[in-house]
Amino acid sequence: MIALIQRVLEARVTVAGRTVGEIGPGLLALVAVEKHDQSANVARMAERLMGYRVFSDDGGKMNRSLADTGGGLLLVSQFTLAADTSKGTRPSFTPAAAPADAERLFDELVTLARERHPTVATGEFGAEMTVSLVNHGPVTLRLTA
């Protein structure tokens, strides 16, 4: 499981002109499920999303987590993160999980996140989405689980 996280001042996902998910300050996580992923990967990713220290403490160091700050979490499925780009000029998506498996595990991640954190929004699985964000820092990191 892969998550590209961005520390944001705000983020929003729209589908066909309607807002389906939005947060204020917090984390935007673009999430890809790979073929070999299981529930253990989902649990580990939820743990990492809540506990990864990317927010500044009083001394200006990235020493606070989403759980510490209480910021929002916007989870957006993005299978293209699982692409194999090692050859040629066109990505191969063979590492990505089949859509039904990916949706099941992504939904499991959303459920775990909502059990652990008060503000969790999502995009719409499988839809063509527009993601708008104001990256803070900028801080962008790739997490795996």
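All heavy atoms count here, side chains included; hydrogens, waters and symmetry mates do not. Since this is a predicted model, take the numbers as computed values, not measurements.
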- N135 and T140: side chain donor to acceptor below 3.5 Å: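 N135 vs T140: donor-acceptor pair found between side chains.
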
Heavy-atom side-chain proximity of [X] to [Y] below 4.5 angstrom:
| X | Y | value |
| --- | --- | --- |
| E22 | T19 | yes |
| T94 | K35 | yes |
| E10 | L133 | no |
| M1 | V42 | yes |
| R142 | I2 | yes |

- Item | Step-by-step side-chain contact (heavy atoms from CB on, under 4.5 Å) determination, L143 to I5 | CA-CA 7 Å; L143 301 180; I5 61 171; 3.9 Å; yes

Considering all heavy atoms of both residues, which atom of [X] and which atom of [Y] are nearest to each other, and what is their separation?
| X | Y | answer |
| --- | --- | --- |
| A102 | V33 | O-CG2, 3.8 Å |
| A83 | F93 | CB-CE2, 3.5 Å |
| A11 | L28 | CB-CB, 4.4 Å |
| L112 | A43 | CD1-CA, 3.8 Å |
| L73 | A29 | CD1-CB, 4.3 Å |
| S56 | R64 | O-CD, 3.3 Å |

In Å, rounded to the nearest 0.5 Å, how long is the span from [atom1] of [X] to [atom2] of [Y]?
| X | Y | atom1 | atom2 | result |
| --- | --- | --- | --- | --- |
| R116 | T111 | CZ | OG1 | 11.5 Å |
| S65 | R53 | OG | CZ | 8.5 Å |
| S77 | F106 | OG | CZ | 5.0 Å |
| M45 | L109 | CE | CG | 7.5 Å |
| Y52 | R7 | OH | CZ | 13.0 Å |
| E34 | L105 | CD | CG | 11.5 Å |

- Message: Hydrophobic clusters here meaning ILVMFWY residues chained together by side-chain heavy-atom distances under 4.5 Å, can you tell me if F79 and L74 are in one?
- Response: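 No, no single cluster joins them.
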
- I23 with L4, same ILVMFWY side-chain cluster at under 4.5 Å: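 Yes, I23 connects to L4 through the hydrophobic network.
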
Do [X] side-chain atoms and [Y] backbone N/O form a donor-acceptor pair below 3.5 Å?
| X | Y | value |
| --- | --- | --- |
| N41 | Q38 | yes |
| T14 | G17 | no |
| T69 | G71 | yes |
| D101 | A98 | no |
| D57 | K61 | yes |

- Query: Given the rule in the side-chain contact (heavy atoms from CB on, under 4.5 Å) test, do T130 and V13 qualify, once you have shown the distances and angles that lead to the verdict?
  - Reply: CA-CA 6 Å; T130 301; V13 178; over 6 Å; no

- Query: For Q6 and L27, what are the C-alpha separation, side-chain angles and deciding distance, and is it a side-chain contact (heavy atoms from CB on, under 4.5 Å)?
  - Reply: CA-CA 6 Å; Q6 297 182 308; L27 286 180; over 6 Å; no

- Test side-chain contact (heavy atoms from CB on, under 4.5 Å) applied to V8 and H136, step by step: CA-CA 5 Å; V8 298; H136 182 215; 5.8 Å; no

- Option passing side chain to side chain contact (heavy atoms under 4.5 Å, CB included) with L49 (candidates L75, V120, L66):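 Result for side chain to side chain contact (heavy atoms under 4.5 Å, CB included) with L49: L75.
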
